[in-house]
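Read the structure below first, then the notes.
Since the structure is predicted, the reported quantities are computational estimates derived from the model, not experimental observations. Throughout, numbering of the chain's residues begins at 1 and tracks the sequence.
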Amino acid sequence: MTRYTGLIEQYRFRLPLAAEARAISLGEGRTPLIKLENIPRQIGFDGELYVKFEGLNPTGSFKDRGMTVAVTQAVHEGARAIICASTGNTSAAAAAYAVRAGLTAFVLIPDGKIALGKLAQAIVHGAVVIQIQGNFDDGMRLVKEIGQTTPVAIVNSINPYRLQGQKTAAFEIVEALGRAPDYHCLPVGNAGNISAYWLGYCEMAGVAASYCPYHAEGRFLDAPLAKTRPRMVGYQAAGAAPFLRGAAVKHPETVATAIRIGDPQSWDLAWAAQRESNGWFDECSDAEILATQRLLAANEGVFCEPASAASLCGALRDIKAGRIAQGATVVCTLTGNGLKDPDVIMKDGLKGLIQVPAERAAVEGALLAHMA
Ligand SMILES: *Cc1c(COP(=O)(O)O)cnc(C)c1O
């Protein structure tokens with residue numbers, strides 16, 4: 001057994017990093033691909049339904065995959081500081097990888113609407129947290145402007161090294177299944193992740209995604225591990241669904257704050273992924289998203305954050321509607337950990353909490369009342 005030291009060491013030869021670039025890593029990647037057992041049975045699905053639980057990365061979201069590569073490259077290029085706009089998880093990852101590398105992290109977060117756990121992470125890792133009186137899209141615009149004049153490396157997903165790191169999740173899935181799934185479902189916000197997965201699946205099949213900048217360098221495996229590629233399916237929150245509207249949304253609103261984005265930066269890439277994979281986009285209401293978050297936690301023991309539940313929410317609806325075929329192999333990415341945003345659960349109060357005197361008879365009484 002050798003110690004796992006993160007996805008750069010694992011996949012270095014398939015990443016566009018210089019051989020001498022020192023990997024800035026927290027051991028990200030290698031997240032579990034969990035096969036759901038109870039929910040498929042309940043809905044009569046006879047295929048295989050998996051969740052890729054990215055909430056188990058070091059800072060609790062898939063952003064770590066992109067950040068390890070982006071920060072490694074930034075350090076290699078001599079950067080002293082990094083900057084990002086964030087709905088929360090990018091700032092948490094940027095803050096953690098920055099301290100690891102000895103860089104300053106500047107993070108622009110929106111006014112309110114950020115999960116407390118994510119803000120706590122940025123603070124505890126010593127990032128310079130700048131709250132702007134605007135939303136994520138405003139922050140993104142400012143970061144792009146500042147990046148042109150100030151010597152800071154932008155680590156949002158417009159940084160191509162982010163997508164290169166994030167594509168490794170698709171590698172892991174193909175390695176775990178021994179093939180590509182038939183459908184891959186993701187929540188879509190800024191749309192970097194769905195673009196990165198398509199890149200990864202294409203590379204595993206030895207085919208170039210139209211926007212893959214590296215295929216010319218021959219970064220493919222000698223023998224492709226997958227014969228097929230999945231249909232890519234992106235689900236948005238109904239109040240923040242530019243891919244459904246066909247244009248940017250001015251005032252995005254959703255309880256799923258991680259995908260509260262109206263002007264996705266990887267717009268063209270995500271459309272290409274959808275087109276080339278013969279996939280589709282759809283939307284989920286906030287109520288559906290929250291219900292799916294609960295359903296997953298209460299039936300499978302997996303606690304993801306609201307935005308993450310959009311992938312499973314849409315997949316279950318499309319399975320029931322027959323749009324995702326019976327017998328298919330389906331993977332849903334659960335992008336972040338539910339522990340980041342406990343407020344969403346607790347705002348309903350301590351429902352189900354039983355208070356009793358500290359006496360055996362009282363506790364036994366409570367037990368008996370709840371025995372199946
Ligand atoms: C960033 C994020 C998303 C959205 O990913 P994009 O690449 O911006 O589409 C979804 N869920 C969570 C938990 C995230 O942190």
Side-chain angles (χ1 to χ4, degrees), residues 31 51-67 84-96 107-122 129 131 135-140 155-157 162 166 169 185-197 234-243 249 252-266 270 281 283-286 288-290 292-293 296-297 302-314 332-345:
T31 54
V51 290
K52 180 71 169 159
F53 192 18
E54 291 287 282
L56 294 183
N57 276 296
T59 78
S61 87
F62 75 83
K63 300 299 198 300
D64 293 344
R65 287 184 191 273
M67 205 56 71
C84 64
S86 179
T87 60
N89 281 331
T90 302
S91 58
V107 304
L108 269 63
I109 61 167
D111 209 355
K113 309 275 170 54
I114 176 167
L116 199 58
K118 302 176 188 180
L119 189 53
Q121 287 178 288
V129 181
Q131 187 164 53
N135 62 24
F136 172 85
D137 300 303
D138 295 315
M140 195 64 244
V155 294
N156 281 105
S157 54
R162 278 276 310 274
Q166 288 166 212
C185 307
L186 292 123
V188 174
N190 218 14
N193 213 26
I194 193 168
S195 308
Y197 270 82
Y235 297 107
Q236 300 216 277
F243 285 97
V249 170
E253 272 310 337
T254 169
V255 67
T257 52
I259 52 173
R260 186 168 164 262
I261 294 174
D263 188 10
Q265 297 299 307
S266 293
F281 293 108
E283 60 191 298
C284 303
S285 71
D286 279 4
E288 287 177 292
I289 288 171
L290 293 176
T292 306
Q293 181 192 28
L296 178 65
V302 178
F303 183 25
C304 68
E305 66 174 280
S308 310
S311 60
L312 183 65
C313 178
C332 296
T333 298
L334 299 178
T335 43
N337 198 307
L339 293 171
K340 283 172 174 271
D341 197 359
D343 288 350
V344 165
I345 306 300

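When every heavy atom of Arg162 is checked against every heavy atom of Met67, the shortest pair comes out as CD-N, 3.9 Å. Residues Ser91 and Ser86 approach most closely at N-OG, 2.9 Å, considering heavy atoms. Between Asn337 and Gly55, the shortest heavy-atom contact is ND2-O, 3.1 Å. Across all non-hydrogen atoms, the minimal contact from Ala94 to Cys84 is CB-SG, 4.0 Å. Ala92 and Gln121 get closest at one heavy-atom pair: CB-OE1, 3.3 Å. Nearest approach of Cys313 to Ile289, heavy atoms of both residues: SG-N, 4.1 Å.
Between Gln236 and Thr254 the shortest side-chain heavy-atom distance does not fall below 4.5 Å. Side-chain contact between Ser61 and Thr335 is absent, with no heavy atoms from C-beta onward closer than 4.5 Å. Put simply, the side chain of Pro252 reaches to within 4.5 Å of the side chain of Asp137, judged on heavy atoms. For the pair Pro264/Val188, no side-chain contact is recorded, criterion being any heavy-atom separation below 4.5 Å from C-beta on. At a threshold of 4.5 Å between non-hydrogen side-chain atoms, the residues Asn190 and Thr90 do not count as touching.
To the nearest 0.5 Å, atom CG of residue Leu296 and atom CG of residue Leu334 are 6.0 Å apart. To the nearest 0.5 Å, atom SG of residue Cys304 and atom CG of residue Leu56 are 11.0 Å apart. Atom OG in Ser308 sits 8.5 Å away from atom CZ in Phe62 (nearest 0.5 Å). The distance from the CD atom of Gln166 to the CG atom of Asn193 is 4.5 Å, given to the nearest 0.5 Å. Rounded to the nearest 0.5 angstrom, Phe243 CZ and Tyr235 OH are separated by 15.0 Å. Taken to the nearest 0.5 Å, the CD1 atom of Ile345 stands 11.0 Å off from the CD atom of Glu305.
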Inset, instruction - Please assess Phe136 against Arg260 for the test side-chain contact (heavy atoms from CB on, under 4.5 Å), listing each intermediate value before the final yes or no. - result: CA-CA 8 Å; Phe136 172 85; Arg260 186 168 164 262; over 6 Å; no
Inset, instruction - Show the numbers, then the answer: is there a side-chain contact (heavy atoms from CB on, under 4.5 Å) between Ile194 and Phe281? - result: CA-CA 11 Å; Ile194 193 168; Phe281 293 108; 4.2 Å; yes
Legend entry - side-chain contact (heavy atoms from CB on, under 4.5 Å) evaluation trace for Tyr197 with Lys52: CA-CA 12 Å; Tyr197 270 82; Lys52 180 71 169 159; 4.2 Å; yes
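Among the candidates Asn135, Asn156, Leu108, Ile261, the single residue satisfying the side chain to side chain contact (heavy atoms under 4.5 Å, CB included) test with Met140 is Asn156. Of the listed residues (Thr59, Asn57, Thr31), just one forms a side-chain hydrogen bond (donor to acceptor under 3.5 Å, both in side chains) with Asp64, and that residue is Thr59.
Gln131 places a side-chain N or O within 3.5 Å of a backbone atom of Pro110 that can act as its donor or acceptor partner. In this structure, Ser311 contributes its side chain and Thr333 its backbone to a donor-acceptor pair below 3.5 Å.
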